[in-house]
2 protein chains.
Amino acid sequence: MGVIGHTPAEDASRGRSASIWDVARVAGVSQQTVSRVINGKGRVSEATRAKVLQVIAELGYRPNKLARMLAGGPVRSVTVLTSDTALYGAAATLRGMEEAARTAGFSVGISVLERDTVQPDVTVRLNRPGEAVMVIAFDDAGVRALTSLPPDVPVAAAVERRPDTEAPDPWQVWLDDRAAAAHATRYLLSLGHRTVHYVAIPSSTSDLPQRTQGWMDALKAAGRPVPEPLQGGWTPRSGYLAVRDQVADRSVTAILCGNDDLALGVMRAAREAGRDIPGDLSVVGFDDSPPSAYLNPSLTTVRLDFEGLGRACFDLLHRRLEPQTAPAFPTWSEPELIVRESSGPAPA
Amino acid sequence: MGVIGHTPAEDASRGRSASIWDVARVAGVSQQTVSRVINGKGRVSEATRAKVLQVIAELGYRPNKLARMLAGGPVRSVTVLTSDTALYGAAATLRGMEEAARTAGFSVGISVLERDTVQPDVTVRLNRPGEAVMVIAFDDAGVRALTSLPPDVPVAAAVERRPDTEAPDPWQVWLDDRAAAAHATRYLLSLGHRTVHYVAIPSSTSDLPQRTQGWMDALKAAGRPVPEPLQGGWTPRSGYLAVRDQVADRSVTAILCGNDDLALGVMRAAREAGRDIPGDLSVVGFDDSPPSAYLNPSLTTVRLDFEGLGRACFDLLHRRLEPQTAPAFPTWSEPELIVRESSGPAPA
DNA sequence: GAGAGAAGGGTTACCGATAACATCGCCTCC
DNA sequence: GGAGGCGATGTTATCGGTAACCCTTCTCTC
């Protein structure tokens, strides 16, 4: 057994944690054999394998993932790029991604994108060129990060909308926001409302956001007037401000909101304007964030399976990285309208 | 210039991204000199430095952080261990940590701890032995992870309470929950309530949680009866269930809740029991989560600077890793009572 | 004019793994 | 009985860096 330019004995005495060399030395085999045992590649006799595994246990040896990656081993690490984890959608998607990744034995890094700021260069956030990446691209910052990624990085993304190019990027997942918004709008119309007003979340692209589009689809299909959408932000406050001046208008009887936080602000503005919910104003949100069911009144909203989407996004990436081993392509739930107290029949 | 067993030209043509060798070759210097320029260590002439920097820019070279860490360079990477990022406190703390770490040039990994599950061995989550770690230890899972960490890993933690051992672990930060809870309780007493009931969040240790303790402190100091604390969980639902049977009791006029989500559930239970908030029942929360200000009624609560705490936790770790370079020790805001609509004078 | 430093930069070893290739028995086949 | 093949291991090169050490040149100083 030759040890080239290395004295594991010294390492051990210096208190560093065990390396593959220590295991090899104690087990009386070469370091490569230990590697074989760990990775299950190559042929190792049963006796040797057992011995090595025993020594590994004794020494409490843990492979150094960094070294493994450097040496060109399997990737097994992902960095998630997301903006503003304060938002329920992003946070829930991240949770799904992390859970799926951890279960599959990947380590996950996270890097938050600043909104409204010039993104210097996303690649500096990666641990190495070619690092695998997932992007939560529900908003502008995410989309910019996604498009600015060099072509050689393996990436999967959760995006706001189905790509509408001829040859869509197959490494994307999305929820059918458009259909969901249309569904929610039809629901409100079915309650007898003449039309439905809409408070929009910021768009992730230059196009009309999917939720806005779906709302318009439904109104047009029903031949109803399409009011100018009100522009909100991401926070309750922005919803409050967006509708404050119009909500006193009693001809407004139904408002669909781009997310639950906006709905919260809208309901407050309505209350301050003396409107009764759902008596003479129905409010519907989007996302089904955790507090929604307990609000006063509890919020009718569209439940979106963000966690499932996040898991699916990871599985997609997993397939991309390890086509043989990755599990079958997963599914996630379709959007679902959850009817609660905040919506009701149009006032007489 | 000797190139030992390496042919960068081939690498480049094979489409790999530039390495330090490529830069060295193009700049006509040794690879070590490039390293010196990058790290600002050692002496390099101004001309050489400029040349190297220029080549770096031309080639779009990015140092491989993995290789750097392997080679024993400065650490500059942290893994955050947290449970359940769905909770506002944990999520906000994580945000603060990530922001501070990213600003300081660290890359951050995240690994979520499962609650109510046997933690196999946290160290397998780390990228290498000795990896730097931050733990969000507000609950049981976090505390267990923190205590199970081997002594050689550099760690900083955000914990629920000031350690009360003789020689407290200096690498911990916390918010003064106890004083805050006492303050909120005194506030309610000052409104004329005879006593204050409490709905507790789960404890992170076997001791009485800090918030519960603070609430008791205030009641005892004022000589008021101390009702049995009600045990809640982390969700609105658990708050709802915890108080459902008692909230109809009109002698209960003030309820302090361990967090805002519990308060949400409590308010709903109270409403269903026909209680008017704040007319004949005052409810106070804890955390000041984002929706609180827009609830109906808006929630009186204790604002906690979780983001500041997260930033401080990172700075602590930073000082531990790089005592010379790390910035001065940071401060974060003290808890602050935010009075809103959900609390008022005791009913006559 | 010579020795001592300081500047500037090159060499070599090493971090902890993986991959490709080499080696060594031993058994089978012609 | 020698060639070929295969199982089980050992060797060497490499990944992309950092650190310690070494080697020239100059510039000072006495």
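Note that the structure is predicted; figures quoted are calculated from it, not measured. Atom set for the values below is all heavy atoms of this structure, side chains included, hydrogens, waters and symmetry mates excluded.
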* Nearest-angstrom distance from the residue atom CD1 of A:Ile20 to C1' of C:dC14 -> 16 Å
* Asked: To the nearest 0.5 Å, what is the distance between CD (A:Glu322) and CG (A:Leu317)?
  -> 9.5 Å
* To do: Quick one: closest heavy-atom pair of A:Ala137 and A:Leu146, and the distance?
  => CB-CD2, 4.3 Å
* **Under 3.5 Å: donor-acceptor pair, side chain of A:Arg320, backbone of A:Val155** => yes
* Structure fact -> If each end axis of the helix from C:dG1-D:dC30 to C:dC30-D:dG1 is fitted on five C1' pair positions, the angle between them, to 10 degrees, is 60°
* Asked: Got a donor-acceptor contact below 3.5 angstrom from the B:Arg102 side chain to the A:Val112 backbone?
  -> yes
* Selection from C:dT18, C:dG16, D:dA19 that lies nearest to any side-chain heavy atom of B:Gln32 -> D:dA19
* Structure fact -> Taking D:dG16, D:dG10, C:dA17 as options, the one with an atom nearest any side-chain atom of B:Ser19 is D:dG16
* Asked: Could you give the CG-to-P distance, from A:Leu59 to C:dG16, as a whole number of Å?
  -> 14 Å
* What pair of heavy atoms forms the shortest contact from B:Leu113 to B:Ala141, and how long is it? -> CD1-O, 3.8 Å
* Structure fact -> Taken to the nearest whole Å, CE/A:Met69 to C1'/D:dG17 is 15 Å
* To do: Tell whether A:Gln31 reaches the base of D:dG10 with its side chain through a donor-acceptor pair below 3.5 angstrom.
  => no
* To do: Check the pair B:Phe314, B:Glu99 against side chain to side chain contact (heavy atoms under 4.5 Å, CB included), reporting the backbone distance first and the verdict last.
  => CA-CA 9 Å; B:Phe314 171 76; B:Glu99 188 203 313; over 6 Å; no
* Asked: Between the main-chain N or O of A:Arg36 and the side-chain N or O of A:Arg43, is there a donor-acceptor pair closer than 3.5 Å?
  -> no
* Asked: Rounded to whole angstroms, how far apart are CZ on B:Arg68 and C1' on D:dC15?
  -> 15 Å
* What integer distance in Å separates B:Lys65:NZ from D:dT18:C1'? -> 17 Å
* Asked: Just by modelled atom types, is the B:Arg95 backbone N or O under 3.5 Å from a matching donor or acceptor in the B:Arg311 side chain?
  -> no
* Please determine, for the side chain of B:Ser30, which listed nucleotide (C:dT11, C:dG16, D:dG17) has the closest atom? => C:dT11
* To do: Rounded to the nearest angstrom, tell me the gap between atom CZ in B:Arg76 and atom C1' in D:dT18.
  => 15 Å
* To do: Using atom CG of A:Asn64 as one end and atom C1' of D:dC15 as the other, report the distance to the nearest whole Å.
  => 13 Å
* Could you identify which residues of residues 33-55 of chain B place a heavy atom less than 4.0 Å from some atom of DNA chain C, listed by residue number, or say none? => B:Thr33, B:Arg36, B:Arg43, B:Val44, B:Ser45, B:Thr48
* Structure fact -> In terms of heavy-atom contacts, B:Trp174 and B:Val159 come closest through CB-O, 3.3 Å
* To do: Return the value, rounded to whole Å, for the distance between atom CG of A:Leu70 and atom P of D:dA13.
  => 19 Å
